Each structure stands twice: as C-alpha cells, then as structure tokens.
Number of protein chains: 2
Amino acid sequence: MVKQPNPARRSERSRQAILTAARELVSEVGYAKLSIEAIAARAGVGKQTIYRWWPSKGAVVLDAFLALSESGPEDSMTLPDTGDLEADLKVVMRATVAEFADPAFEGPIRALNTEIINDPALAAQYRARLAGPVEEAKRARLRSAQRAGQLAADADLDLALELLYAPLYQRWLFRSGPLTPAYADALVEVFLKAMRPDVDQLTDAQDSAKLEKSG
Amino acid sequence: MVKQPNPARRSERSRQAILTAARELVSEVGYAKLSIEAIAARAGVGKQTIYRWWPSKGAVVLDAFLALSESGPEDSMTLPDTGDLEADLKVVMRATVAEFADPAFEGPIRALNTEIINDPALAAQYRARLAGPVEEAKRARLRSAQRAGQLAADADLDLALELLYAPLYQRWLFRSGPLTPAYADALVEVFLKAMRPDVDQLTDAQDSAKLEKSG
DNA sequence: GTGTCAAGACGGAACGTCTCGTCTCGTGGT
DNA sequence: ACCACGAGACGAGACGTTCCGTCTTGACAC
C-alpha cells in the first residue's frame with residue numbers, strides 16, 4: 001500500500017474549494033470535458049494538491065457528491081413502512097423515477113456510473129459510502145415485509161432487490177424505454193407476484209397448522 | 001445529414017486493416033488506453049482515413065465487433081424452443097453467464113457499454129445492429145411460451161425481458177455479486193413465478209392439466 | 001483530373017510529474 | 001512562555017508527453 005501524506009496537516013479550505021469547484025464545473029461543462037487542471041484553477045489550488053489526495057477524476061467527483069449527501073447528520077436512512085408493502089414500494093419506485101428524470105442529477109449520476117463500471121476501486125468506494133446504506137434500507141423494508149408474511153420468508157433479498165430495481169435502472173442507464181410512474185407500478189406488481197409467499201409458509205394461523213402437519 | 005465521401009472509392013483493404021487493428025489493440029491495452037493514433041499506426045493507415053469514415057473511437061470499435069458477428073450468413077438468430085420454457089431459459093441464461101465470464105469478451109463489451117451510456121447515437125447503432133436482433137429472438141421465444149399457455153397472455157414482453165435479464169446484466173456490469181449457474185437458475189425460477197398465467201386465463205387443455213397436478 | 005490513400009506536420013488540450021518558494025504547523029531548547 | 005527550526009502541505013506553474021482533430025503533400029487509382 002502506497003502511503004498517503006499526513007491527513008492531519010491537510011488543508012480543509014483547499015479540500016472544500018476543490019469539491020465545490022468540481023461540483024460547479026461538472027454542472028457547467030459536463031463530466032466528460034471536466035479536467036483536473038480546470039478544477040485546480042477554479043479552486044485556486046495547485047494541481048499537485050489534487051493529485052496528492054485523489055487518485056482519479058472520478059474519485060474527486062464522487063467525493064464532491066458524497067460531501068453533499070453526508071452533510072446532514074441523518075446517516076441512517078429509512079424507507080416508508082406503513083404495513084402496506086405494495087403502496088410503500090410504489091411510492092419509493094415512483095420517487096426513484098422522478099429522481100432519474102431530474103436533469104440536474106442525470107449528468108453527474110450517469111458519469112459516476114460510467115466511471116464505476118471501469119474502476120473497481122472507485123466502485124467499492126461508491127458502494128460503501130452511497131449505494132450500500134441505501135440498499136440496506138431497502139433490505140430492511142423487505143425484511144419487515146417478510147415478518148408480516150407479505151414476502152416469501154426464504155426469499156433471497158439480494159435477488160429480490162435486483163429484480164425490483166435492475167429493470168428500472170437499466171432502462172434509465174441505457175435509455176431503452178420510457179420511465180413513467182405507470183412503469184414503476186407495473187414493476188412493483190410483477191415483483192410482488194414473483195416474491196409472494198407460498199401458501200404453506202404463512203404466519204400465525206397457518207403456522208400452527210404447519211406444526212400439526214409435521215408432527 | 002453530413003455528406004460522407006464517396007463510399008464506392010473506399011479502400012476495403014484499409015477498412016479491414018483498421019477494424020483488425022482496433023480489435024487487436026482493444027485486447028492488448030484495453031479500451032480506455034486505445035487511441036486513434038495507435039489504430040492508424042498499427043493498420044498502416046493515415047489518421048485521416050479513420051476520421052473520414054468514423055465519427056468516434058466507439059464507432060470504430062463497435063464496427064470492429066459487428067464485423068465479427070455479421071460475418072456468418074446466419075443473420076437471424078433463434079433460441080432453443082423444446083416446449084419446456086424453464087429448461088430453455090435456464091440453458092440460455094447459463095450460456096449468458098458463461099459468456100460474461102469469458103475474459104476475452106469482458107473488456108470490449110464493458111467498454112462498448114460504457115460508451116453507449118454517454119453516446120445516444122452510438123447506442124442507436126448498437127441497438128439496431130446487435131442488441132435488437134437478439135432481443136427480438138428472446139421476445140419470439142416468450143411469445144411461443146404465451147401461445148403454449150406457459151406465460152401470461154397479457155404480459156408486457158419488454159417488461160418481461162427486463163425482469164429476466166436486467167438483474168443478470170447489472171450484476172455483471174457493476175460486479176455487484178457472483179455470476180453463477182445457480183444464480184441464472186434462480187433468476188429463471190423467480191421470473192417464471194412472476195409471469196405465470198393466472199388460473200382464469202388458461203385454455204381448456206392446460207386448465208385440466210393444472211387441476212390434475214394440484215389435486 | 002478528381003478523390004482517396006499513407007504519411008506525417010501542426011496547434012491545442014490535458015495529462016501526470018517535478019520543482020520552486022511560501023506558509024503552517026508541532027516540537028524541543030531555552 | 002517564547003521562539004527557532006524542520007517537516008511537510010501548499011499555490012503556482014514549467015515541463016515533457018500523449019492524443020486529439022485538422023491540414024498538407026505527393027503517390028496512385030479510377
């Protein structure tokens with residue numbers, strides 16, 4: 001492992017200026033035409049100061065956006081849980097559709113994803129600090145649904161999440177179809193049909209019946 | 001439409017040399033470090049000859065790989081259709097998993113996808129000449145299954161295909177999990193559960209068969 | 001003769017490395 | 001308590017390199 005310089009002596013002013021400049025420039029010229037030189041110039045910072053602390057352009061941009069979402073003290077995110085799984089999921093999926101339609105997010109997120117595909121190290125950072133917590137919240141909601149008997153108890157939650165989100169994500173990333181609230185709803189409905197519990201693994205009342213049968 | 005030079009006078013020797021050089025170089029140094037200059041040098045071709053006929057690096061690489069898959073006279077591809085939908089799908093999905101695991105395909109395909117995300121024009125080419133025909137074959141197999149009553153007759157086939165392939169594709173593209181034959185099978189099984197026809201829209205023949213099995 | 005070709009010169013942009021001289025600390029001697 | 005010192009991060013930017021996309025030249029083919 002190549003050792004980094006002493007983080008204690010790092011200039012917080014420079015760090016903030018770099019992240020801010022990166023955020024501004026990615027909005028102004030797009031990610032593809034974003035250069036380290038331009039970030040350094042805009043931030044009033046030496047190029048070496050960027051190369052000293054970040055390994056790549058993608059890492060800077062990732063940090064720039066992480067700094068936004070990590071600003072709030074609410075690190076743990078939770079999803080709606082009204083007890084009505086279908087309604088909750090539709091709310092979340094429609095919100096995701098709306099988020100993807102926002103042109104302000106479109107560019108940077110698309111750029112980050114492009115970079116992540118080809119840079120496993122950056123992908124690990126992304127997963128650990130952004131995607132990971134979100135996915136854990138989704139898993140928690142599905143676990144709650146399992147407890148309520150609305151989802152197969154033995155379902156693979158990773159597979160379930162992929163089933164629910166991958167189609168939406170792919171459609172957005174590759175622009176392979178329209179992203180509408182109706183599509184989000186359809187996805188939730190077909191997802192629920194796939195993950196519905198079998199009749200012989202239900203809760204409470206059915207549980208005692210099952211015990212009788214096995215005994 | 002920007003007027004192209006006269007294609008009749010185009011040098012086939014140069015074209016082939018360029019495509020071959022592109023294929024070799026993308027394997028040797030990867031797509032990211034692939035340069036037009038290197039392609040021209042390897043092909044023994046002037047840079048202008050490349051710029052004359054292709055708009056971008058991605059277009060050259062796309063053409064290079066299209067030239068491979070279009071070489072055979074079998075333009076129309078068909079998927080196995082033994083009547084057993086589950087078995088057929090598992091064969092195809094396992095084959096897809098194996099293909100994605102091949103390191104020789106990994107690099108170029110990943111590169112093409114990266115480019116396609118950010119270049120809608122290239123994406124259109126890709127869809128029309130590579131992904132399109134494949135997807136149509138998949139749709140045809142699902143339509144056959146609908147006719148056989150193995151799939152809901154009113155199912156949205158585009159949604160169905162996304163449900164089946166997007167999770168696999170996403171796992172590969174973002175390296176977010178292991179790609180195993182068991183995963184392929186699990187995906188097919190949960191897909192079939194989601195797309196199974198409702199009881200009240202079966203034909204007479206399948207209806208009695210289902211009643212017998214469940215009884 | 002007109003247009004494509006190979007070859008490569010050209011100006012420009014951005015890369016990543018490398019000095020410079022400055023500024024900011026923590027530490028230790030007094 | 002003070003302050004001189006040294007380590008090291010800093011802003012600035014020169015440097016050599018790579019690659020871009022355009023342009024020029026002379027050879028060759030239709």
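As the structure is a prediction and not an experimental result, all values here were calculated from the model.
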Inset, instruction - List in chain and number order the residues that pass side-chain contact (heavy atoms from CB on, under 4.5 Å) with A/Arg42, two or more places apart in sequence or in another chain; answer none if no residue qualifies. - result: A/Ala21, A/Glu24, A/Leu25, A/Glu28
Inset, instruction - With sequence neighbours excluded, tell me which residues meet salt bridge (Lys or Arg N to Asp or Glu O under 4.0 Å) with B/Asp119. - result: none
Inset, instruction - Provide, to the nearest angstrom, the distance between the CD1 atom belonging to B/Ile39 and the C1' atom belonging to C/dA6. - result: 16 Å
Inset, instruction - Tell me, please, whether B/Trp53 has B/Arg15 positioned over its six-membered ring: NZ or CZ under 6.0 Å from the ring centre and within 45 degrees of its axis? - result: no
Inset, instruction - Sequence neighbours left out, what passes salt bridge (Lys or Arg N to Asp or Glu O under 4.0 Å) with A/Lys47? Give chain and number order. - result: A/Glu37
Inset, instruction - Give, ordered by number, those residues of residues 21-29 of chain B having at least one heavy-atom distance below 4.0 Å to an atom of DNA chain C; if nothing qualifies, reply none. - result: none
Inset, instruction - Please find the earliest and latest nucleotides of DNA chain D, in the 5' to 3' direction, that have an atom within less than 4.0 Å of any heavy atom of chain A. - result: D/dA7 to D/dA14
Legend entry - Contacts of A/Ala95 that satisfy side-chain contact (heavy atoms from CB on, under 4.5 Å) - sequence neighbours left out: none
Inset, instruction - Could you tell me which residues satisfy ring-ring contact (aromatic ring centres under 6.0 Å, His included) with B/Trp172, sequence neighbours excluded, listed by chain and number? - result: B/Phe100, B/Tyr169
Inset, instruction - Check whether any side-chain heavy atom of A/Pro108 sits under 4.5 Å from a side-chain heavy atom of A/Val61, and report yes or no. - result: no
Inset, instruction - Would you please confirm or rule out a distance under 4.0 Å between OP1 or OP2 of C/dC5 and any side-chain N or O of B/Ser14? - result: no
Legend entry - Heavy-atom protein contacts under 4.0 Å, nucleotides 15-28 of chain C, coded B base, S sugar-phosphate only, - none: BBBB-----BB---
Inset, instruction - If a pair satisfies side chain to side chain donor-acceptor pair (under 3.5 Å) and one of its residues is in residues 97-110 of chain A, list it, with sequence neighbours excluded. - result: A/Glu106-A/Arg110
Legend entry - Shortest non-hydrogen separation from B/Arg127 to B/Pro133 and the atoms involved: O-CD, 4.1 Å
Inset, instruction - For the residue pair A/Asp158 and A/Arg139, establish whether any side-chain heavy-atom pair is separated by less than 4.5 Å. - result: yes
Legend entry - Partners meeting side-chain contact (heavy atoms from CB on, under 4.5 Å) with A/Gln16 (sequence neighbours left out): A/Glu12
Inset, instruction - Indicate the atoms forming the closest heavy-atom contact of A/Pro80 with A/Asp88, along with that distance. - result: O-OD2, 3.2 Å
Inset, instruction - Taking only heavy atoms on the protein side, list every residue of residues 110-121 of chain A lying under 4.0 Å from any atom of DNA chain D, sorted numerically. - result: none
Inset, instruction - Using side-chain contact (heavy atoms from CB on, under 4.5 Å) as the criterion, list what pairs up with A/Ala59, not counting sequence neighbours. - result: A/Trp54, A/Pro55, A/Ser56, A/Leu122
